[in-house]
Amino acid sequence: MPQLNPKTHFMKFFIDTANLDQVREAQDLGVLDGVTTNPSLMAKEGITGRENILKHYVTICNLVNGDVSAEVIATDFDGMIEEGEELANLHEQIVVKLPMIKDGVKAAKYFNDKGVKINLTLVFSVGQALLAAKVGATYVSPFIGRLDDVSTDGLGLIAEIRLIYDTYGFETQILAASIRHTMHIIDCAKLGADVMTGPLSSIEGLFKHPLTDIGLANFLADYKKGN
Ligand code: G3P
């Protein structure tokens, strides 16, 4: 099991969406630490065109108190730098999200040297996670659900990354992404993931229990009997 310092370590909850109602709802729950988005999630909400996309990021930043990952579209180094700088200048909460490809790693190093927060995304192996830590990424995003989809152990990847990062004291935060359901959150917490990002439904599943509902109904029924 991971040996984390409980005084400095707690699991952050991010919501993986560009839907403003869901961001608000998660924020209102009082457990939200940030938001992650990607081009597919923006498209799902019908947010298109550079200007609208940038505006949407600022709106999300103003709704939450934590980091908001905004992904570049460019896949070449110069393009990523240009886009990343534009994104980083939008709001102090923006974390520039870069793909785990050669130019993405180079761009991550560039931004890290400048003090800009980075999230290296589309991570599917320990080797990729090792590179993310070497260039000082703030976050590394292993996609556990998508690994599970292809009969590969997503949670196993989280455990391996935790082991390597702890062995060397890498400070890159493991952001378990592509969370699909509540048990993924619980398993990631057991494995010591620093952050999880998932849909609102996965977070809401944490407070659901039939015995809570039955117990509450009984308490209220008993109260009514005497009042
Ligand atoms: O934002 C990246 C990741 O969380 C995507 O999840 O469900 O599309 O595999 P999913």
Salt-bridge contact Arg162-Asp194 (side-chain N to carboxylate O under 4.0 Å)
yes
Transitive ILVMFWY side-chain link Phe111 to Val95, under 4.5 Å
no
Answer yes or no: is there an ion pair linking Glu92 with Lys117, defined by an N-O contact shorter than 4.0 Å?
no
Rounded to the nearest 0.5 Å, what separates atom CD in Glu25 from atom OG1 in Thr17?
11.0 Å
Not counting sequence neighbours, which residues clear salt bridge (charged side-chain N to carboxylate O under 4.0 Å, His left out) with Asp113? List them please.
Lys109
Using a cut-off of 6.0 Å, state whether more than 12 heavy atoms not belonging to Glu204 lie near its atom CD.
yes
Distance check, rounded to the nearest 0.5 Å: Met196 atom CE versus Asp16 atom CG?
9.0 Å
Quick check against the 3.5 Å criterion: does Gln93 have a side-chain atom that pairs as donor or acceptor with the backbone of Val68?
no
With a 4.5 Å cut-off on side-chain heavy atoms, are Leu122 and Gln128 touching?
no
For Phe13, is there any backbone N or O sitting under 3.5 Å from a side-chain donor or acceptor partner on Asp33?
yes
CD of Glu171 to OH of Tyr165: how many Å apart, nearest 0.5 Å?
12.0 Å
Quick check: is Val116 connected to Val135 through a chain of hydrophobic side chains (ILVMFWY, heavy atoms under 4.5 Å apart)?
yes
Short question: side chain of Thr152, backbone of Asp148 - any donor-acceptor pair under 3.5 Å?
no
Distance (rounded to the nearest 0.5 Å) between Ile214 CD1 and Asn218 CG:
7.5 Å
Check the angle between the aromatic planes of His184 and His181 and answer parallel, tilted or perpendicular using the 30° and 60° thresholds.
parallel
Going through the checks in order, is the side chain to side chain contact (heavy atoms under 4.5 Å, CB included) test met by Ile179 and Ile185?
CA-CA 7 Å; Ile179 292 265; Ile185 301 180; 3.9 Å; yes
Could you tell me which non-hydrogen atom of Val105 sits nearest to which non-hydrogen atom of Leu120, and how far apart they are?
N-CD2, 4.5 Å
Within the structure provided, determine whether Leu29 and Phe207 are in side-chain contact (heavy-atom separation under 4.5 Å).
yes
Ignoring hydrogens, what is the shortest heavy-atom contact between Glu71 and Glu83? Give both atom names and the distance.
O-OE2, 4.2 Å
Quick note, ring pair (Phe, Tyr, Trp, His ring centres under 6.0 Å) partners involving residues 128-148, not counting sequence neighbours, are Phe14-Tyr139, Phe124-Phe143
Side-chain heavy-atom pair Leu90, Leu54 within 4.5 angstrom cut-off
yes
Has the side chain of Asn112 got a donor or acceptor atom that lies under 3.5 Å from a matching backbone atom of Ala108?
no
What I'd like to find out is whether the side chain of Leu157 reaches to under 4.5 Å of the side chain of Val126, using heavy atoms alone.
yes
Are more than 12 heavy atoms, taken from residues, nucleotides or ligands other than Phe219, located less than 6.0 Å from that residue's CZ atom?
no
Minimum heavy-atom separation for Leu200 and Ala26, please, with both atom names.
CD1-CB, 3.9 Å
Are Met183 and Leu206 connected into the same hydrophobic cluster when the rule is that any two of I, L, V, M, F, W, Y join if their side-chain heavy atoms are below 4.5 Å apart?
yes
Rounded to the nearest 0.5 Å, what's the gap from CG on Asn52 to CE on Met42? Could you check?
9.0 Å
If I take atom CD from residue Gln173 and atom CE from residue Met11, how far apart are they, to the nearest 0.5 angstrom?
12.0 Å
Residues Leu155 and Cys188: closest non-hydrogen pair is CD2-SG, 3.8 Å
Any non-hydrogen side-chain atom of Ile158 less than 4.5 Å from a side-chain atom of Ile144?
yes
Ignoring hydrogens and angles, tell me if any N or O in the side chain of Lys97 forms a donor-acceptor pair with the backbone of Thr37 under 3.5 Å.
yes
Would you say Ile118 ends up clustered with Ile94 if hydrophobic residues are merged whenever their side chains have heavy atoms under 4.5 Å apart, either directly or through other cluster members?
yes
When you look at Asp103 and Thr75, which way does the side chain to side chain contact (heavy atoms under 4.5 Å, CB included) test go after all the steps?
CA-CA 7 Å; Asp103 279 9; Thr75 53; over 6 Å; no
Per the side chain to side chain donor-acceptor pair (under 3.5 Å) rule, which among Asn119, Asn38, Thr121 passes with Ser141?
Asn119
What are the two closest non-hydrogen atoms of Thr172 and Gly136, and how far apart are they?
OG1-C, 4.1 Å
Measuring only between side-chain heavy atoms, which start at C-beta, is Met80 closer than 4.5 Å to Lys106?
no
Establish whether Val31 and Ile186 are linked, either directly or via other cluster members, by ILVMFWY side-chain heavy-atom contacts under 4.5 Å.
yes
Got a salt bridge between Arg180 and Asp149, using NZ or NE/NH1/NH2 to carboxylate O under 4.0 Å?
yes
Do Ser69 and Thr36 get their side chains close enough for a donor-acceptor pair, meaning under 3.5 Å?
no
Do Leu175 and Val140 pass the side chain to side chain contact (heavy atoms under 4.5 Å, CB included) test, and can you show the C-alpha distance, the side-chain angles, and the key distance before you say yes or no?
CA-CA 6 Å; Leu175 194 170; Val140 63; over 6 Å; no
Side chain Thr59, main chain Lys55, donor-acceptor under 3.5 Å
yes
Heavy-atom closest pair (Ala70 atom, Leu87 atom, distance to 0.1 Å) is O-CD1, 3.6 Å
So Lys208 and Asp213, do their side chains get closer than 4.5 Å, heavy atoms only?
no
